[in-house]
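The block underneath contains the structure these notes are about, expressed in structure tokens.
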Amino acid sequence: SAAGQAVQQQQVVDTLRNIEHIGTDLQAGEAGANHPFLQDHMSDFVLNVGQARIAASLEPPRYYLAGRVAGGCINCHKVNR
């Protein structure tokens, strides 16, 4: 249904916004000072998440970049393995 799709879209956008904020906070804080990924790649990651959020908020939503972000999360964090 259209209402269900709108709810799903908002959940995806909200999740990406949260990831973007967390990434920005990690980048700005001392947590990343000794972590090579955070030092070298966090700004690119945050940029990619922002692009995914924008694409997911379009009408119709485009989730390809959100899928790429999710794949990156699973790859690094070994979620659900």
Side-chain angles (χ1 to χ4, degrees):
S1 76
Q5 290 175 351
V7 168
Q8 178 184 12
Q9 180 182 18
Q10 191 59 52
Q11 289 173 335
V12 170
V13 170
D14 289 346
T15 299
L16 290 167
R17 185 174 291 116
N18 287 338
I19 293 169
E20 199 172 5
H21 287 158
I22 291 167
T24 300
D25 288 347
L26 285 172
Q27 194 176 3
E30 294 181 13
N34 295 320
H35 194 295
F37 176 82
L38 296 180
Q39 286 178 337
D40 298 339
H41 303 289
M42 187 55 86
S43 59
D44 290 337
F45 176 75
V46 171
L47 181 65
N48 289 339
V49 174
Q51 291 172 338
R53 179 183 46 77
I54 291 167
S57 62
L58 296 174
E59 255 334 299
R62 297 187 181 130
Y63 295 124
Y64 175 77
L65 294 175
R68 301 257 332 213
V69 168
C73 295
I74 291 167
N75 187 45
C76 282
H77 293 275
K78 307 295 186 238
V79 175
N80 296 326
R81 290 191 177 196

Restricting to pairs with a member in residues 44-62, which pass side-chain hydrogen bond (donor to acceptor under 3.5 Å, both in side chains), not counting sequence neighbours?
Glu20-Arg53

Transitively linked via ILVMFWY side-chain contacts under 4.5 Å: [X] with [Y]?
X: Ile22; Y: Val69; answer: yes
X: Leu16; Y: Tyr63; answer: yes
X: Val13; Y: Val7; answer: no

Taken to the nearest 0.5 Å, the spacing of His21 NE2 from Asp25 CG works out to 8.0 Å

Reported CG-to-CD distance for the pair Leu58 and Gln9, which is rounded to 0.5 angstrom
8.0 Å

Do you know which two heavy atoms are closest between [X] and [Y], and how far apart they sit?
X: Val49; Y: Ile19; answer: CG2-CG2, 3.9 Å
X: Ala56; Y: Pro61; answer: O-CB, 3.2 Å
X: Ala52; Y: Ala66; answer: CB-N, 3.7 Å

Go through the structure and list residues passing side chain to side chain contact (heavy atoms under 4.5 Å, CB included) with Asp14, not counting sequence neighbours.
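Counting only residues at least two positions away or on another chain, Asp14 forms a side chain to side chain contact (heavy atoms under 4.5 Å, CB included) with Gln10, Arg17.
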
Transitive ILVMFWY cluster of Leu65, excluding itself - 4.5 Å side-chain cut-off:
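Tyr64, which link up through side-chain heavy atoms under 4.5 Å apart, make up the rest of the cluster.
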
